[in-house]
Amino acid sequence: MLRLERISVAYGKHEALHDVSLSVDAGRTTVILGANGAGKTTLLNTVAGFLRPHPGGRIEFEGRSIVDEPPHRIVAAGISLVPEGRRLFGDMTVIDNLRMGAYTPHARANEVRQLEEQLAMFPRLAERRNQLARTMSGGEQQMLAIARALMSEPKILLLDEPSLGLGPALVKDLFATLRTISERGLSVVLVEQNVHQSLRLAHRVYVLENGQIVRSGLAAELRRDTAIQRAYLGAVESPPERAQVAPNRHVAGGFVNPFSRSIAAATPRGQDEDRAMAGMLETMNGGFFHPYARSVSPAASPREITEGGASDREPASQKEAIPTTGGFVNPQARPAKG
């Protein structure tokens, strides 16, 4: 339906888009992802006719070139833009803003029907039909901007960051409305900061970086792409856990954590080690032990300490004295002499 081929756009010496090619299917939602400054707004403004690409690039809509058409003719052809920041007529009422969207001859002939449809789709606008646009909330203004664009009866709706500055509840309502618009057969090209919601709505996705398309595909494919998850979704799906086998419990430096489960516990030997370690913990009061420490209980043998009891010759108070200062103890150390 809409096709861009080798589109390059520059602001002076700065090239904002370089050899961008993409296509928009009829009745589908296409999402453009990219960081700030990637060229997303430039791309939409070029399609809408506000910017001119370098010679050699092509923009075709329904098989006809529109690369040299002025914006009002592009709107009349069936492409309407909802710009970032809404760009409403603040000192005009809701109804007057909507009527401004129906200035093309075809839309003007159906203005009454379109007004009824937009006020039915956005009941809040019907409640505020005589209110000045600048006195409305951000969410209401965004509804008005979308409804005004729909008044021209477009075949493709271009949306630039429609959820910017809206609260979570309004964002949810906004995307529900966009889904309804898409289900009615209107093609949507969406530039949006809310990647999670966008990918749920999208059919095809293009990733724009430094003015170039670096990746594209169906939304379902890109949702599973780890690079996309890291860059735009803030997380990577963890792979299924797999048991890892280590030769022994000792970590670098010779320290042991008696509270950790053995990562070799899946083996019989590892299970035996876990049981032995559990018995050792009874004597340690929750501390770590150092394998090179000297025993602090010369009257008790290593075996007696390990088994959780002191020598019969020891008073009961010495049982609690086993951990050294700092909580380190080696139950296998030889008693200190003298």
Trace of the side-chain contact (heavy atoms from CB on, under 4.5 Å) decision for Leu115 with Arg99: CA-CA 8 Å; Leu115 272 174; Arg99 286 173 175 158; 4.0 Å; yes
Full working for side-chain contact (heavy atoms from CB on, under 4.5 Å) between Arg200 and Phe175: CA-CA 10 Å; Arg200 293 190 186 102; Phe175 276 91; over 6 Å; no
Check against side-chain contact (heavy atoms from CB on, under 4.5 Å), Leu201 and Arg179: CA-CA 7 Å; Leu201 188 65; Arg179 185 173 296 279; 3.7 Å; yes
Check against side-chain contact (heavy atoms from CB on, under 4.5 Å), Leu125 and Leu144: CA-CA 7 Å; Leu125 300 183; Leu144 180 54; 4.1 Å; yes
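Of all non-hydrogen atoms in Met121 and Leu150, the two that sit nearest each other are SD-CD1, 4.3 Å. The shortest heavy-atom contact between Thr93 and Asn130 is CG2-O, 3.6 Å. The two atoms that bring Arg52 and Glu69 nearest to each other are NH2-O, 2.9 Å, heavy atoms only. The shortest non-hydrogen separation linking Leu44 to Leu159 is CD1-O, 3.6 Å. Here the closest heavy-atom approach between residue Leu190 and residue Ser198 is recorded as CD2-OG, 3.9 Å. Considering all non-hydrogen atoms of both residues, Tyr206 and Ser23 come closest at OH-N, 3.2 Å.
A 4.5 Å side-chain heavy-atom check between Met92 and Met100 finds at least one atom pair inside the cut-off. Between Val9 and Pro53, some side-chain heavy-atom pair lies under the 4.5 Å cut-off. By the 4.5 Å heavy-atom criterion applied to side chains, Met151 and Gln118 are counted as neighbours. Counting only heavy atoms from C-beta outward, the side chains of Ile95 and Leu119 approach each other to under 4.5 Å. Residues Lys40 and Glu161 are in side-chain contact: their nearest non-hydrogen atoms beyond the backbone lie under 4.5 Å apart. By the 4.5 Å heavy-atom criterion applied to side chains, Leu174 and Pro162 are counted as neighbours. The shortest distance between side-chain heavy atoms of Leu4 and Thr46 does not fall below 4.5 Å. Between Val75 and Tyr103, some side-chain heavy-atom pair lies under the 4.5 Å cut-off.
In this structure, Asp160 contributes its side chain and Val191 its backbone to no donor-acceptor pair below 3.5 Å. Remark: side-chain polar atoms of Gln114 are not paired, donor with acceptor, to backbone N or O of Ala107 under 3.5 angstrom. With hydrogens and angles disregarded, a donor-acceptor distance shorter than 3.5 Å links the side chain of Gln141 to the backbone of Ala133. Although no hydrogens or angles enter the test, the distance criterion places no donor-acceptor pair under 3.5 Å between the side chain of Thr104 and the main chain of Ala76. Within the 3.5 Å criterion, the main-chain N or O of Met136 finds no donor-acceptor partner in the side chain of Arg128.
Comment: Asp91 engages Arg134 in a salt bridge, judged by a side-chain N to carboxylate O separation of less than 4.0 angstrom. Under a 4.0 Å N-O distance rule, the pair Glu117/Arg184 does not qualify as a salt bridge. A salt bridge links Arg113 with Glu153; the closest basic N to acidic carboxylate O contact falls under 4.0 Å.
Linking ILVMFWY side-chain heavy atoms closer than 4.5 Å, directly or via other members, places Ile181 and Val171 in a single hydrophobic cluster. Under the 4.5 Å side-chain heavy-atom criterion for ILVMFWY residues, a single connected hydrophobic cluster contains both Val205 and Val188. By the criterion of side-chain heavy atoms lying less than 4.5 angstrom apart, applied directly or through intervening Ile, Leu, Val, Met, Phe, Trp or Tyr residues, Ile79 is not grouped with Leu157; the two fall into different hydrophobic clusters. Hydrophobic clustering, with ILVMFWY side chains joined whenever heavy atoms are under 4.5 angstrom apart, keeps Val94 apart from Leu132. A continuous path of hydrophobic side-chain contacts links Val195 to Leu178 [ILVMFWY only; heavy atoms under 4.5 Å].
Remark: Asn210 CG is loosely packed, at most 12 non-hydrogen atoms of other residues, nucleotides or ligands lying under 6.0 Å away. At most 12 non-hydrogen atoms from other residues, nucleotides or ligands lie less than 6.0 angstrom from CZ of Arg6. At most 12 non-hydrogen atoms from other residues, nucleotides or ligands lie less than 6.0 angstrom from CZ of Arg73.
Here Leu22 contributes atom CG and Arg3 contributes atom CZ; the two are 9.5 Å apart, rounded to the nearest 0.5 Å.
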